[in-house]
Amino acid sequence: MENYRFVLSRDGKSKGKIINPNYRKCSAEGCPGHRILVQWPDGKRTYPCSRGCKTVDDQTLQIL
């Protein structure tokens, strides 16, 4: 997760900046992923799970 710098929204229209790629371990039972701290252009912060993202390129993930 260290190489990624950006996250695209599910529809691909918004691009957020990854503030912390390993913010905390995912709290969903049995999930081996980590929550990613993302700041979006409107200033909101979200915490998507790394297991719910796909790789777009060497610096970008996209929420599934």
Side-chain angles (χ1 to χ4, degrees):
M1 299 303 306
E2 300 293 326
N3 297 334
Y4 297 108
R5 298 182 60 206
F6 304 102
V7 173
L8 294 175
S9 60
R10 187 172 291 162
D11 63 9
K13 294 181 180 179
S14 188
K15 187 176 192 178
K17 182 178 179 185
I18 295 176
I19 304 298
N20 186 339
N22 294 306
Y23 180 69
R24 66 176 181 249
K25 191 172 177 359
C26 184
S27 60
E29 187 175 334
C31 182
H34 284 85
R35 294 292 175 167
I36 304 166
L37 174 53
V38 179
Q39 184 161 355
W40 298 95
D42 63 2
K44 290 184 182 179
R45 291 183 173 193
T46 61
Y47 307 88
C49 180
S50 61
R51 298 288 288 184
C53 295
K54 68 177 182 177
T55 300
V56 174
D57 61 39
D58 61 342
Q59 291 189 354
T60 310
L61 296 172
Q62 184 172 11
I63 298 171
L64 297 174

Would you give the length of the straight line joining atom CZ of Arg5 to atom OG1 of Thr60, rounded to the nearest 0.5 angstrom?
9.0 Å
Can you name the nearest heavy-atom pair linking Lys17 to Phe6, along with the distance?
CA-CD2, 4.3 Å
For the atom pair OG1 (Thr55) and CD (Gln62), what is the distance rounded to the nearest 0.5 Å?
10.5 Å
With hydrophobic residues grouped by side-chain heavy-atom distances under 4.5 Å, do Tyr47 and Ile19 end up in a single group?
yes
Closest heavy-atom contact between Pro32 and Arg51?
CG-NE, 3.9 Å
Here the pair of heavy atoms bringing Asp11 nearest to Ser9 is OD1-OG, 2.6 Å
Quick one: OH on Tyr4 to CG on Asp57, what's the gap to the nearest 0.5 Å?
8.5 Å
Polar side-chain atom of Arg10 near backbone of Leu64 as donor-acceptor pair, under 3.5 Å:
yes
For Asp42, what residues pass the side chain to side chain contact (heavy atoms under 4.5 Å, CB included) criterion, not counting sequence neighbours?
Trp40, Lys44
Measuring from Leu61:CG to Ile36:CD1, what's the distance to the nearest 0.5 Å?
5.5 Å
Between Gly33 and Ser50, what is the shortest heavy-atom contact and its length?
CA-OG, 3.4 Å
Rounded distance (nearest 0.5 Å) linking atom OH of Tyr23 with atom CD1 of Ile18:
15.0 Å
Partner residues of Arg45 under the side-chain hydrogen bond (donor to acceptor under 3.5 Å, both in side chains) criterion, sequence neighbours left out:
Gln39
